Amino acid sequence: MERRDFLKLAAGAAVATGLGSGVGRAAVPRDRSELIPAAGAHFGAYVYAGNDAGVSQPEALETKIGHRLGINHCFHHYGTPPHTTRWQNDIAAGRIPMISWSAGPESRLQQIVDGGHDKEIEDQAALLASLGAPLFLRFTWEFDLRYTNTALFRRVWQYVHAKFAGAPNVAFVWCPTWRAYRETFKADGFYPGDAYVDWIAADGYARPHADPAYHYRAFDLMFDAAHAFAVDHGKPFMVGETGVHRASVDPVQADWLTTTRSVVKSSYPRLKAFVYFHRDGDAPDGDDWRVTVPDGGPAQQAFAAYAHDPYFDPS
(Lines give C-alpha, C1' and ligand atoms only; values in the text may rest on other atoms or scores of the structure.)
Protein backbone atom coordinates (compact mmCIF):
# COMPACT_ATOMS: atom_id res chain seq x y z
CA MET A 1 0.00 0.00 0.00
CA GLU A 2 1.38 3.45 -0.90
CA ARG A 3 2.00 5.90 1.96
CA ARG A 4 -0.17 8.64 0.42
CA ASP A 5 -3.11 6.22 0.25
CA PHE A 6 -2.47 5.16 3.85
CA LEU A 7 -2.58 8.82 4.92
CA LYS A 8 -5.92 9.35 3.20
CA LEU A 9 -7.40 6.22 4.74
CA ALA A 10 -5.94 7.07 8.13
CA ALA A 11 -7.63 10.46 8.01
CA GLY A 12 -10.90 8.70 7.33
CA ALA A 13 -10.28 6.34 10.23
CA ALA A 14 -9.60 9.30 12.50
CA VAL A 15 -13.02 10.74 11.72
CA ALA A 16 -14.70 7.36 12.08
CA THR A 17 -13.21 6.83 15.53
CA GLY A 18 -14.11 10.33 16.64
CA LEU A 19 -10.57 11.71 16.53
CA GLY A 20 -11.52 14.57 14.29
CA SER A 21 -15.22 14.91 15.03
CA GLY A 22 -15.72 14.22 18.71
CA VAL A 23 -18.02 11.35 17.77
CA GLY A 24 -17.13 8.08 19.51
CA ARG A 25 -18.66 5.59 17.07
CA ALA A 26 -16.55 2.59 16.15
CA ALA A 27 -14.71 2.48 12.85
CA VAL A 28 -15.03 -0.38 10.42
CA PRO A 29 -11.64 -2.10 10.65
CA ARG A 30 -9.71 -2.32 7.40
CA ASP A 31 -7.67 -5.31 6.36
CA ARG A 32 -4.11 -5.91 7.57
CA SER A 33 -3.00 -6.79 4.04
CA GLU A 34 -2.83 -3.04 3.40
CA LEU A 35 0.30 -2.95 5.55
CA ILE A 36 2.43 -4.75 2.95
CA PRO A 37 3.98 -2.19 0.59
CA ALA A 38 4.21 -3.19 -3.05
CA ALA A 39 7.82 -1.98 -3.08
CA GLY A 40 10.25 -0.91 -0.42
CA ALA A 41 9.77 -1.06 3.34
CA HIS A 42 8.24 0.94 6.16
CA PHE A 43 10.75 2.62 8.48
CA GLY A 44 10.03 3.24 12.14
CA ALA A 45 11.29 3.30 15.69
CA TYR A 46 10.64 2.92 19.36
CA VAL A 47 11.62 6.29 20.82
CA TYR A 48 12.17 6.17 24.57
CA ALA A 49 10.22 8.87 26.38
CA GLY A 50 11.85 8.79 29.81
CA ASN A 51 9.61 6.25 31.51
CA ASP A 52 9.08 2.51 31.63
CA ALA A 53 5.47 2.49 30.43
CA GLY A 54 6.64 1.60 26.92
CA VAL A 55 5.01 4.56 25.19
CA SER A 56 7.10 5.72 22.25
CA GLN A 57 7.09 9.46 21.57
CA PRO A 58 8.50 9.97 18.06
CA GLU A 59 7.87 13.66 17.50
CA ALA A 60 11.19 15.05 18.76
CA LEU A 61 13.19 12.50 16.77
CA GLU A 62 11.13 13.26 13.68
CA THR A 63 11.98 16.94 14.07
CA LYS A 64 15.69 16.14 14.24
CA ILE A 65 15.65 13.99 11.09
CA GLY A 66 13.20 16.21 9.21
CA HIS A 67 10.78 13.42 8.34
CA ARG A 68 7.87 11.54 9.84
CA LEU A 69 8.41 7.90 10.78
CA GLY A 70 6.26 5.30 9.08
CA ILE A 71 5.89 3.10 12.20
CA ASN A 72 5.69 4.09 15.85
CA HIS A 73 6.52 1.14 18.10
CA CYS A 74 5.06 1.00 21.62
CA PHE A 75 5.32 -1.68 24.30
CA HIS A 76 2.19 -2.71 26.20
CA HIS A 77 2.74 -4.72 29.38
CA TYR A 78 0.07 -7.30 30.18
CA GLY A 79 -2.44 -6.24 32.83
CA THR A 80 -1.82 -2.52 32.28
CA PRO A 81 -4.06 0.05 30.54
CA PRO A 82 -3.59 0.28 26.77
CA HIS A 83 -1.97 3.35 25.24
CA THR A 84 -5.13 4.20 23.28
CA THR A 85 -4.55 7.92 22.82
CA ARG A 86 -1.02 7.37 21.54
CA TRP A 87 -2.22 4.82 18.99
CA GLN A 88 -5.07 7.07 17.89
CA ASN A 89 -2.69 10.00 17.49
CA ASP A 90 -0.30 7.91 15.42
CA ILE A 91 -3.08 6.83 13.06
CA ALA A 92 -4.30 10.41 12.70
CA ALA A 93 -0.72 11.53 11.92
CA GLY A 94 -0.23 8.82 9.28
CA ARG A 95 2.00 6.53 11.33
CA ILE A 96 1.34 2.80 11.61
CA PRO A 97 1.14 1.69 15.25
CA MET A 98 3.15 -1.35 16.23
CA ILE A 99 2.21 -2.76 19.63
CA SER A 100 4.50 -5.20 21.40
CA TRP A 101 2.04 -6.83 23.79
CA SER A 102 3.46 -9.12 26.45
CA ALA A 103 1.94 -12.40 27.58
CA GLY A 104 3.87 -12.64 30.85
CA PRO A 105 5.96 -15.46 32.31
CA GLU A 106 5.57 -19.06 31.18
CA SER A 107 3.38 -19.83 34.21
CA ARG A 108 0.83 -17.37 32.84
CA LEU A 109 0.62 -19.09 29.44
CA GLN A 110 -1.37 -22.00 30.83
CA GLN A 111 -3.76 -19.54 32.48
CA ILE A 112 -4.34 -17.97 29.08
CA VAL A 113 -5.29 -21.22 27.33
CA ASP A 114 -7.45 -22.14 30.33
CA GLY A 115 -9.51 -18.99 29.72
CA GLY A 116 -8.28 -17.09 32.76
CA HIS A 117 -7.47 -13.92 30.81
CA ASP A 118 -10.21 -13.95 28.18
CA LYS A 119 -11.63 -10.56 29.10
CA GLU A 120 -8.27 -8.82 28.77
CA ILE A 121 -7.64 -10.46 25.40
CA GLU A 122 -11.14 -9.81 24.08
CA ASP A 123 -11.05 -6.20 25.25
CA GLN A 124 -7.71 -5.70 23.48
CA ALA A 125 -9.08 -7.20 20.28
CA ALA A 126 -12.18 -5.00 20.38
CA LEU A 127 -10.13 -1.89 21.09
CA LEU A 128 -7.66 -2.48 18.28
CA ALA A 129 -10.48 -3.27 15.85
CA SER A 130 -12.20 -0.02 16.81
CA LEU A 131 -9.14 1.99 15.78
CA GLY A 132 -10.16 1.23 12.21
CA ALA A 133 -6.70 1.32 10.63
CA PRO A 134 -4.24 -1.51 9.93
CA LEU A 135 -1.63 -2.00 12.66
CA PHE A 136 0.97 -4.48 13.87
CA LEU A 137 0.61 -6.61 17.00
CA ARG A 138 3.96 -8.11 18.00
CA PHE A 139 2.61 -10.59 20.51
CA THR A 140 4.97 -11.81 23.27
CA TRP A 141 8.14 -10.99 21.32
CA GLU A 142 11.55 -12.65 21.82
CA PHE A 143 9.78 -15.71 23.19
CA ASP A 144 12.81 -17.89 22.45
CA LEU A 145 14.58 -16.16 25.35
CA ARG A 146 11.60 -16.42 27.69
CA TYR A 147 9.89 -19.77 27.23
CA THR A 148 10.90 -23.42 27.00
CA ASN A 149 7.54 -25.17 26.46
CA THR A 150 7.18 -24.75 22.72
CA ALA A 151 3.94 -26.77 22.50
CA LEU A 152 2.28 -24.56 25.12
CA PHE A 153 3.53 -21.44 23.36
CA ARG A 154 2.01 -22.56 20.06
CA ARG A 155 -1.32 -23.24 21.79
CA VAL A 156 -1.30 -19.80 23.40
CA TRP A 157 -0.52 -18.09 20.12
CA GLN A 158 -3.33 -19.91 18.33
CA TYR A 159 -5.74 -19.25 21.19
CA VAL A 160 -5.05 -15.51 21.27
CA HIS A 161 -5.10 -15.29 17.48
CA ALA A 162 -8.62 -16.77 17.45
CA LYS A 163 -9.81 -14.04 19.81
CA PHE A 164 -8.90 -11.46 17.15
CA ALA A 165 -11.18 -12.91 14.48
CA GLY A 166 -13.20 -9.69 14.54
CA ALA A 167 -10.12 -7.51 14.08
CA PRO A 168 -9.02 -7.99 10.45
CA ASN A 169 -6.92 -4.83 10.71
CA VAL A 170 -4.53 -6.45 13.21
CA ALA A 171 -1.44 -8.12 11.72
CA PHE A 172 0.11 -10.72 14.04
CA VAL A 173 3.91 -10.38 14.02
CA TRP A 174 5.82 -13.50 15.15
CA CYS A 175 9.21 -12.29 16.40
CA PRO A 176 11.97 -14.31 18.07
CA THR A 177 15.59 -13.16 18.16
CA TRP A 178 17.90 -13.70 15.21
CA ARG A 179 19.61 -16.55 17.06
CA ALA A 180 16.45 -18.67 16.90
CA TYR A 181 16.92 -18.91 13.13
CA ARG A 182 20.69 -19.04 12.84
CA GLU A 183 22.29 -20.43 16.01
CA THR A 184 19.87 -22.03 18.48
CA PHE A 185 17.49 -23.26 15.74
CA LYS A 186 14.46 -22.82 17.98
CA ALA A 187 12.33 -21.09 15.37
CA ASP A 188 10.61 -24.19 13.98
CA GLY A 189 9.57 -25.42 17.40
CA PHE A 190 7.90 -22.14 18.31
CA TYR A 191 6.20 -21.57 14.96
CA PRO A 192 2.39 -21.83 15.39
CA GLY A 193 1.60 -22.32 11.68
CA ASP A 194 1.15 -20.13 8.65
CA ALA A 195 -2.58 -19.66 9.31
CA TYR A 196 -1.78 -17.86 12.57
CA VAL A 197 1.04 -15.57 11.47
CA ASP A 198 0.85 -12.52 9.20
CA TRP A 199 4.45 -11.27 9.42
CA ILE A 200 7.65 -13.05 10.39
CA ALA A 201 10.23 -10.94 12.20
CA ALA A 202 13.48 -11.02 14.16
CA ASP A 203 15.32 -8.83 16.65
CA GLY A 204 19.06 -8.28 16.58
CA TYR A 205 21.57 -5.70 17.80
CA ALA A 206 25.10 -4.77 16.72
CA ARG A 207 27.29 -4.28 19.77
CA PRO A 208 30.92 -4.53 20.88
CA HIS A 209 32.04 -8.04 21.76
CA ALA A 210 35.27 -9.79 22.73
CA ASP A 211 34.64 -12.44 20.07
CA PRO A 212 35.40 -10.92 16.64
CA ALA A 213 32.55 -12.96 15.14
CA TYR A 214 30.05 -10.96 17.22
CA HIS A 215 31.80 -7.58 17.36
CA TYR A 216 29.38 -5.13 15.72
CA ARG A 217 27.94 -8.07 13.84
CA ALA A 218 26.91 -7.33 10.28
CA PHE A 219 23.23 -7.20 9.37
CA ASP A 220 23.59 -10.22 7.07
CA LEU A 221 25.03 -12.35 9.86
CA MET A 222 22.00 -11.68 12.03
CA PHE A 223 19.05 -11.48 9.68
CA ASP A 224 19.84 -13.62 6.62
CA ALA A 225 18.38 -16.86 8.00
CA ALA A 226 15.34 -15.08 9.44
CA HIS A 227 14.60 -13.51 6.07
CA ALA A 228 14.97 -16.90 4.39
CA PHE A 229 12.51 -18.37 6.92
CA ALA A 230 9.97 -15.69 5.97
CA VAL A 231 10.50 -16.38 2.28
CA ASP A 232 10.00 -20.12 2.84
CA HIS A 233 6.69 -19.44 4.60
CA GLY A 234 5.49 -16.86 2.09
CA LYS A 235 5.33 -14.05 4.65
CA PRO A 236 6.56 -10.46 4.68
CA PHE A 237 9.62 -9.97 6.88
CA MET A 238 10.18 -7.34 9.54
CA VAL A 239 13.17 -6.26 11.59
CA GLY A 240 11.19 -5.81 14.80
CA GLU A 241 14.01 -4.31 16.84
CA THR A 242 17.53 -3.40 15.91
CA GLY A 243 20.14 -0.98 17.12
CA VAL A 244 23.82 -0.32 16.84
CA HIS A 245 25.82 0.53 19.95
CA ARG A 246 27.26 4.02 20.13
CA ALA A 247 30.99 4.24 20.75
CA SER A 248 32.44 7.48 22.08
CA VAL A 249 34.84 8.15 19.20
CA ASP A 250 34.31 5.42 16.60
CA PRO A 251 31.73 6.30 13.88
CA VAL A 252 30.60 2.66 13.84
CA GLN A 253 26.92 3.58 14.22
CA ALA A 254 26.89 5.62 11.03
CA ASP A 255 28.93 3.06 9.11
CA TRP A 256 26.74 0.13 10.21
CA LEU A 257 23.51 1.96 9.40
CA THR A 258 24.74 3.12 6.00
CA THR A 259 26.00 -0.33 5.02
CA THR A 260 22.80 -1.98 6.26
CA ARG A 261 20.59 0.37 4.25
CA SER A 262 22.42 -0.67 1.08
CA VAL A 263 22.33 -4.38 1.96
CA VAL A 264 18.60 -4.34 2.69
CA LYS A 265 17.79 -2.67 -0.60
CA SER A 266 19.93 -5.05 -2.63
CA SER A 267 19.42 -8.41 -0.91
CA TYR A 268 16.24 -8.49 1.21
CA PRO A 269 13.23 -8.31 -1.12
CA ARG A 270 10.77 -9.65 1.49
CA LEU A 271 11.88 -7.16 4.15
CA LYS A 272 8.89 -4.83 4.35
CA ALA A 273 9.46 -3.08 7.68
CA PHE A 274 12.58 -1.94 9.57
CA VAL A 275 12.17 -0.69 13.15
CA TYR A 276 14.96 0.87 15.23
CA PHE A 277 15.25 0.79 19.04
CA HIS A 278 16.09 4.39 19.97
CA ARG A 279 17.01 4.21 23.65
CA ASP A 280 20.12 4.36 25.81
CA GLY A 281 20.85 2.10 28.74
CA ASP A 282 20.57 3.33 32.32
CA ALA A 283 24.11 2.51 33.43
CA PRO A 284 27.19 4.46 32.30
CA ASP A 285 28.27 1.40 30.30
CA GLY A 286 24.73 0.54 29.17
CA ASP A 287 23.57 -0.27 25.68
CA ASP A 288 23.55 3.13 24.05
CA TRP A 289 21.50 2.84 20.86
CA ARG A 290 20.40 6.45 20.30
CA VAL A 291 21.64 8.01 17.09
CA THR A 292 21.19 11.62 18.18
CA VAL A 293 24.42 11.85 20.22
CA PRO A 294 25.94 14.15 19.17
CA ASP A 295 22.97 16.04 17.82
CA GLY A 296 23.30 16.29 14.05
CA GLY A 297 26.27 13.92 13.98
CA PRO A 298 27.11 11.16 11.51
CA ALA A 299 24.81 8.56 13.07
CA GLN A 300 21.84 10.92 13.06
CA GLN A 301 22.53 11.75 9.43
CA ALA A 302 22.76 8.05 8.52
CA PHE A 303 19.49 7.38 10.33
CA ALA A 304 17.80 10.32 8.61
CA ALA A 305 18.93 8.93 5.27
CA TYR A 306 16.58 5.97 5.79
CA ALA A 307 13.61 8.23 6.40
CA HIS A 308 14.37 10.35 3.34
CA ASP A 309 15.11 7.36 1.08
CA PRO A 310 12.04 6.67 -1.10
CA TYR A 311 12.67 2.95 -0.62
CA PHE A 312 11.94 3.32 3.10
CA ASP A 313 9.06 5.74 2.53
CA PRO A 314 6.70 3.77 0.28
CA SER A 315 4.58 6.52 -1.23
Side-chain angles (χ1 to χ4, degrees), residues 1-20 27 29-38 40-49 53-76 82-101 127-138 141 167 169-173 175 198-199 201 236 238-243 271-279 290-292 303-315:
M1 182 186 186
E2 295 189 348
R3 178 66 52 78
R4 59 175 172 269
D5 296 327
F6 182 86
L7 290 170
K8 292 176 183 176
L9 290 168
V15 173
T17 54
L19 296 176
R30 300 199 319 275
D31 193 79
R32 55 189 169 267
S33 63
E34 297 175 16
L35 291 169
I36 307 173
H42 303 295
F43 179 63
Y46 163 69
V47 185
Y48 180 61
V55 183
S56 170
Q57 305 287 9
E59 288 82 3
L61 179 60
E62 290 175 336
T63 298
K64 287 181 180 293
I65 65 174
H67 202 285
R68 180 164 292 155
L69 295 171
I71 295 172
N72 188 34
H73 175 203
C74 290
F75 293 89
H76 180 200
H83 312 310
T84 310
T85 301
R86 175 74 263 178
W87 303 335
Q88 290 174 329
N89 290 343
D90 285 331
I91 291 168
R95 303 182 198 94
I96 304 167
M98 182 167 84
I99 303 160
S100 286
W101 188 33
L127 170 62
L128 298 188
S130 76
L131 296 178
L135 56 87
F136 297 111
L137 183 63
R138 200 174 66 131
W141 67 101
N169 59 315
V170 176
F172 270 69
V173 180
C175 186
D198 298 300
W199 287 58
M238 171 191 291
V239 172
E241 289 180 36
T242 195
L271 192 156
K272 297 296 181 181
F274 185 101
V275 184
Y276 194 84
F277 188 80
H278 195 255
R279 177 178 179 170
R290 285 191 303 152
V291 298
T292 50
F303 185 86
Y306 281 79
H308 289 272
D309 187 334
Y311 188 91
F312 289 97
D313 183 21
S315 59

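These numbers come from a predicted model, not from an experiment.
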Original post:
With sequence neighbours excluded, what pairs up with H76 under the side chain to side chain donor-acceptor pair (under 3.5 Å) test?
Top reply: Q124
Subject >> Straight-line distance of M98 CE to H42 NE2, nearest 0.5 Å >> reply: 12.0 Å
**OP:** Kindly compute the distance separating CZ (F43) from CG (D309), expressed to the nearest 0.5 Å.
**Re:** 10.0 Å
**OP:** Go through the structure and list residues passing ring pair (Phe, Tyr, Trp, His ring centres under 6.0 Å) with F75, not counting sequence neighbours.
**Re:** Y46, H73, W141
Subject >> Which residues share a ring pair (Phe, Tyr, Trp, His ring centres under 6.0 Å) with F136, sequence neighbours left out >> reply: W199
Original post:
Any idea which heavy atoms bring P29 and A129 closest together, and the distance?
Top reply: CB-O, 3.5 Å
Subject >> Closest non-hydrogen atom pair between R138 and S100, with its separation >> reply: NE-OG, 2.7 Å
Subject >> Min side-chain heavy-atom separation I65-Y306 under 4.5 Å >> reply: no
Subject >> Heavy-atom pair with the smallest gap, counting every atom of H278 and V291 >> reply: NE2-N, 3.2 Å
Original post:
Does L131 offer a backbone N or O that forms a donor-acceptor pair with the side chain of N169 under 3.5 Å?
Top reply: no
Subject >> Where N72 and R95 come nearest, the two heavy atoms and their spacing >> reply: CB-CD, 4.0 Å
Original post:
Taking side chain as C-beta onward, heavy atoms only, is P134 less than 4.5 Å from I96?
Top reply: no
**OP:** List for me each residue that meets side chain to side chain donor-acceptor pair (under 3.5 Å) alongside T242, sequence neighbours excluded, and say none if there are none.
**Re:** none
Original post:
At their closest point, which heavy atom of L135 faces which heavy atom of P97, and how far apart are they?
Top reply: CB-O, 3.4 Å
Subject >> Steps toward side chain to side chain contact (heavy atoms under 4.5 Å, CB included) verdict (D198, L35) >> reply: CA-CA 10 Å; D198 298 300; L35 291 169; over 6 Å; no
Subject >> With sequence neighbours excluded, residues passing ring pair (Phe, Tyr, Trp, His ring centres under 6.0 Å) with Y276 >> reply: F303
**OP:** Would you mind reporting whether L61 and R290 have side-chain heavy atoms less than 4.5 Å apart?
**Re:** no
Original post:
Can you name the side chain to side chain donor-acceptor pair (under 3.5 Å) partners of R86, sequence neighbours left out?
Top reply: Q57, E59, D90
Original post:
Between C74 and S56, which heavy-atom pair has the shortest distance, and what is it?
Top reply: SG-N, 3.3 Å
